[in-house]
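Numbers restart at 1 for each chain; the letters A, B, ... are given by sequence-line order, proteins then strands. Both backbone and side-chain heavy atoms feed into the values below; hydrogens, waters and symmetry mates do not.
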Number of protein chains: 2
Amino acid sequence: MSRVQIAINHAESSCKARGAKLTNKRKQVLSGLLQSNKARSAYQLVDYCKDEFGETLPPMSVYRILDFLQDEHLVHKLKSANKYIACAHINCDHAHGVSQFLICNQCEVVKEITINKSTINGLQRNVEDAGFHLASPQLEINAVCDSCKNRAA
Amino acid sequence: MSRVQIAINHAESSCKARGAKLTNKRKQVLSGLLQSNKARSAYQLVDYCKDEFGETLPPMSVYRILDFLQDEHLVHKLKSANKYIACAHINCDHAHGVSQFLICNQCEVVKEITINKSTINGLQRNVEDAGFHLASPQLEINAVCDSCKNRAA
DNA sequence: CGAAATAATGATATGCTGTATCATTCTTGG
DNA sequence: CCAAGAATGATACAGCATATCATTATTTCG
Ligand SMILES: [Zn+2]
Ligand SMILES: [Zn+2]
Ligand SMILES: [Zn+2]
Ligand SMILES: [Zn+2]
């Protein structure tokens, strides 16, 4: 069974456990994100579903599906890119906290990580010192991946 | 002389020092950002210039002007909001490094800060451990300002 | 000064991202 | 089967941004 198929099956179970349904079209959109190590836009997913499944989803439906998938914690939105990516922990059963996203500015590959507690604490202290309160430590970090770094060298 | 006027004068000098010109329209757009403690979109600035100066700038021009102002380090773009904000150090003569932006998710007020070196180092270590290289520590942080926090309480 | 070059701005069209609204179809429970 | 609710579709529109070509303003230099 493919990596994507495994993730979709797992997602289907966890949806069911939460009383939600992972319909066919939702699976198609999710698979579009699971296929890719880069984030994809709603309209790119429209194209993907068309090309891959001959399914002509209206953009509105894709946005609704993306909302659903986010509610189910299967997908994250990258605000700085206006794109979406499958959760890296989609096969994990433990609830996952807030992640950070490393985005390669060369090849656009995205990696979801959890930076360590002490760094988050440091960040939070800085925010407090400035008279603000950290609402969410979800960060989208402008980086370069190893491959691109090596290619440049 | 108003706070805004002082900043504009300073900006004009620093542009001149760099061989660039802070034209009238560029001043108008910049003043639209200096007026506000929130970030503003290009189209909001079109409206501002129209209301404030009777100047009907086409959006294209505003975008060009914003690019110019960014090149001159007078303005920052918040990618997660698709909006622009005047640099908090616009009156400083020292070159400023990369900033972080605290964005209140209630009232949208924005504060430009510099988080401390050790936190940045911690962040950088985390990024390296994930097989990436930090390209820029500009962060846009989802936070709540003190006023909004107190208002909620 | 006046022509040529350069910089700045304008006009128009278009593309991408996202939402609002109302209609239709599908699924489910009684 | 039927009613209720969930999911999806259709259409329109708003906001952000860029591409391209035209025009105007400013500078440069003989
Ligand atoms: Zn995740
Ligand atoms: Zn890369
Ligand atoms: Zn700044
Ligand atoms: Zn606030």
Side-chain angles (χ1 to χ4, degrees), chain A residues 11-12 15-33 38-50 53-72 74-85 103 108 140, chain B residues 11-12 15-16 18-33 36 38-51 53-72 74-85 103 108 110 140:
Chain A
E12 186 158 30
C15 282
K16 196 173 294 176
R18 291 166 46 94
K21 265 176 311 183
L22 193 66
T23 63
N24 240 4
K25 309 195 180 200
R26 287 169 176 170
K27 286 183 193 172
Q28 290 173 356
V29 170
L30 179 56
S31 84
L33 295 177
K38 306 180 190 178
R40 285 180 166 174
S41 75
Y43 282 79
Q44 287 172 340
L45 290 164
V46 168
D47 292 343
Y48 170 85
C49 290
K50 174 77 174 177
F53 307 111
E55 189 87 56
T56 60
L57 289 174
M60 184 69 254
S61 290
V62 172
Y63 278 107
R64 273 190 293 234
I65 287 171
L66 287 169
D67 286 344
F68 170 86
L69 295 173
Q70 287 176 85
D71 288 346
E72 295 299 318
L74 301 171
V75 160
H76 301 290
K77 175 171 186 177
L78 301 183
K79 292 187 67 175
S80 61
N82 294 317
K83 291 187 178 172
Y84 306 83
I85 191 158
I103 306 171
E108 295 189 303
E140 300 173 17
Chain B
E12 186 159 27
C15 281
K16 196 174 294 178
R18 291 166 46 91
K21 268 176 306 185
L22 194 65
T23 63
N24 240 5
K25 311 197 177 196
R26 287 168 176 171
K27 285 183 193 171
Q28 291 174 354
V29 170
L30 178 56
S31 86
L33 294 176
S36 175
K38 306 179 190 179
R40 285 181 165 173
S41 74
Y43 282 80
Q44 286 172 340
L45 290 164
V46 168
D47 293 344
Y48 171 85
C49 290
K50 173 76 175 178
D51 295 348
F53 307 111
E55 187 87 56
T56 59
L57 289 174
M60 185 69 253
S61 290
V62 171
Y63 278 107
R64 273 190 293 232
I65 287 171
L66 288 168
D67 287 344
F68 171 87
L69 295 173
Q70 287 176 84
D71 287 346
E72 295 298 316
L74 300 170
V75 161
H76 300 292
K77 174 172 187 178
L78 301 183
K79 291 188 67 173
S80 61
N82 294 317
K83 291 186 177 171
Y84 305 82
I85 190 158
I103 307 171
E108 295 190 302
V110 175
E140 299 173 19

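Put simply, CG on A:Leu78 is 14 Å from C1' on C:dT17, counting in whole angstrom units. A straight line from CG of B:Leu45 to P of C:dT9 spans 15 Å, rounded to a whole angstrom. One interatomic measurement links the two molecules: CD of B:Gln28 to C1' of C:dA8, which rounds to 14 Å at whole-angstrom precision. One can place CZ of A:Arg40 at 13 Å from P of C:dT17, the figure rounded to the nearest angstrom.
For the atom pair CZ (B:Arg26) and OG (B:Ser61), the distance works out to 10.0 Å, reported to the nearest 0.5 Å.
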Checklist line | Per-nucleotide protein contact string for nucleotides 7-20 of chain D, where B marks a base within reach and S marks sugar-phosphate only (heavy atoms under 4.0 Å, - for neither) | finding: SBBB-----BBBBB
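With respect to the salt-bridge test (charged N to carboxylate O, under 4.0 angstrom), the residues B:Lys21 and B:Glu12 do not qualify. Between B:Lys79 and A:Glu140 no salt bridge is recorded (no basic side-chain N to carboxylate O distance below 4.0 Å).
A donor-acceptor contact shorter than 3.5 Å is absent between the side chain of B:Ser36 and the backbone of B:Leu33.
B:Tyr84 does not carry B:Arg40 over the face of its six-membered ring by the limits of under 6.0 Å from the centre and within 45° of the normal.
A salt bridge (Lys or Arg N to Asp or Glu O under 4.0 Å) check over residues 53-72 of chain B, counting only residues at least two apart or in different chains, returns the pairs B:Arg18-B:Glu72, B:Lys25-B:Glu55.
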